[in-house]
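Quick notes on the structure that follows.
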Amino acid sequence: QVQLVESGGGLVQPGGSLRLSCAASGSLFRLYTMGWYRQAPGKQRDLVAAITSGGSTNYADSVKGRFTISRDNAKNTVYLQMNSLKPEDTAVYYCNARPGPAWGRGTQVTVSS
């Protein structure tokens with residue numbers, strides 16, 4: 001079972017940027033579809049962005065044009081670059097790998113002035 005560790009969360013002002021990272025264990029990372037999900041208090045966990053092993057990406061409508069998902073197979077890492085952050089982006093962000101699925105423990109992102 002692949003293990004995932006997220007990092008890069010924190011407190012940022014509206015309009016600011018953050019880059020999340022998710023490091024994966026094992027030698028099969030390049031074969032996984034990797035995703036970022038988020039969960040705000042009292043809400044369900046929703047897909048933010050995903051990237052396939054071939055590099056195809058998809059995004060939630062709410063983050064299109066602001067967030068970018070990428071992967072570095074040599075480093076077993078997937079990234080989420082988040083720009084123009086809004087208060088409604090505040091949530092715990094989780095890394096996901098499929099097939100599995102496997103989940104990280106999450107990293108808190110808070111957008112507030």
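With sequence neighbours left out, Asn73 forms a side chain to side chain donor-acceptor pair (under 3.5 Å) with Arg71.
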Trace of the side-chain contact (heavy atoms from CB on, under 4.5 Å) decision for Tyr59 with Thr57: CA-CA 7 Å; Tyr59 298 91; Thr57 60; 3.7 Å; yes
Apply side-chain contact (heavy atoms from CB on, under 4.5 Å) to the pair Leu80 and Thr68, showing each step before the final yes or no. CA-CA 6 Å; Leu80 185 67; Thr68 302; over 6 Å; no
Step-by-step side-chain contact (heavy atoms from CB on, under 4.5 Å) determination, Cys95 to Val78: CA-CA 8 Å; Cys95 183; Val78 62; 3.8 Å; yes
Where do Tyr93 and Met82 land on the side-chain contact (heavy atoms from CB on, under 4.5 Å) test, with the steps shown first? CA-CA 12 Å; Tyr93 283 70; Met82 305 186 295; 3.9 Å; yes
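Atom CG of Leu18 sits about 5.5 Å away from atom CG of Leu85, to the nearest 0.5 Å. Atom CD1 of Ile69 is separated from atom OG of Ser56 by 11.5 Å, given to the nearest 0.5 angstrom. Summarising the geometry, atom CG belonging to Leu20 is positioned 8.0 Å from atom CZ belonging to Phe67; distances are rounded to the nearest 0.5 Å.
Residues Ser17 and Asn83 bring a donor and an acceptor atom of their side chains to less than 3.5 Å of each other.
Here the side chain of Asn76 pairs a donor or acceptor atom with the backbone of Ala24 at under 3.5 angstrom. Proximity of a side-chain donor or acceptor of Arg38 to a complementary backbone N or O of Ala91 within less than 3.5 Å is not detected. No donor-acceptor pair closer than 3.5 Å links the side chain of Thr90 to the backbone N or O of Glu88.
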Donor-acceptor contacts, no H, no angles, side chain residues 98-107, under 3.5 Å, sequence neighbours left out:
| residue | atom | partner | partner atom | Å |
| --- | --- | --- | --- | --- |
| Thr107 | OG1 | Gly9 | N | 3.2 |

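At least one side-chain heavy atom of Leu4 sits less than 4.5 Å from a side-chain heavy atom of Met34. Taking the side chain as every heavy atom from C-beta outward, Pro87 and Pro14 approach each other to under 4.5 Å. Residues Arg45 and Tyr94 meet the side-chain proximity criterion, which asks for heavy atoms closer than 4.5 Å. The shortest distance between side-chain heavy atoms of Trp36 and Glu6 falls below 4.5 Å. In this structure, the side chains of Asn58 and Leu47 come closer than 4.5 Å at one or more pairs of heavy atoms.
Grouping the Ile, Leu, Val, Met, Phe, Trp and Tyr side chains by contacts below 4.5 angstrom, directly or via other members, places Tyr79 apart from Val63. Hydrophobic clustering (ILVMFWY, side-chain heavy atoms < 4.5 Å, transitive): Ile51 and Leu31 are in one cluster.
Of all the heavy atoms in Ala97 and Val2, the pair that sits closest is CB-CG1, 4.1 Å.
Heavy-atom contacts from other residues, nucleotides or ligands closer than 6.0 Å to CD of Gln108 number more than 12.
Ionic pairing of Asp89 and Lys86 is not present here: no N-O contact between side-chain nitrogen and carboxylate oxygen is shorter than 4.0 angstrom.
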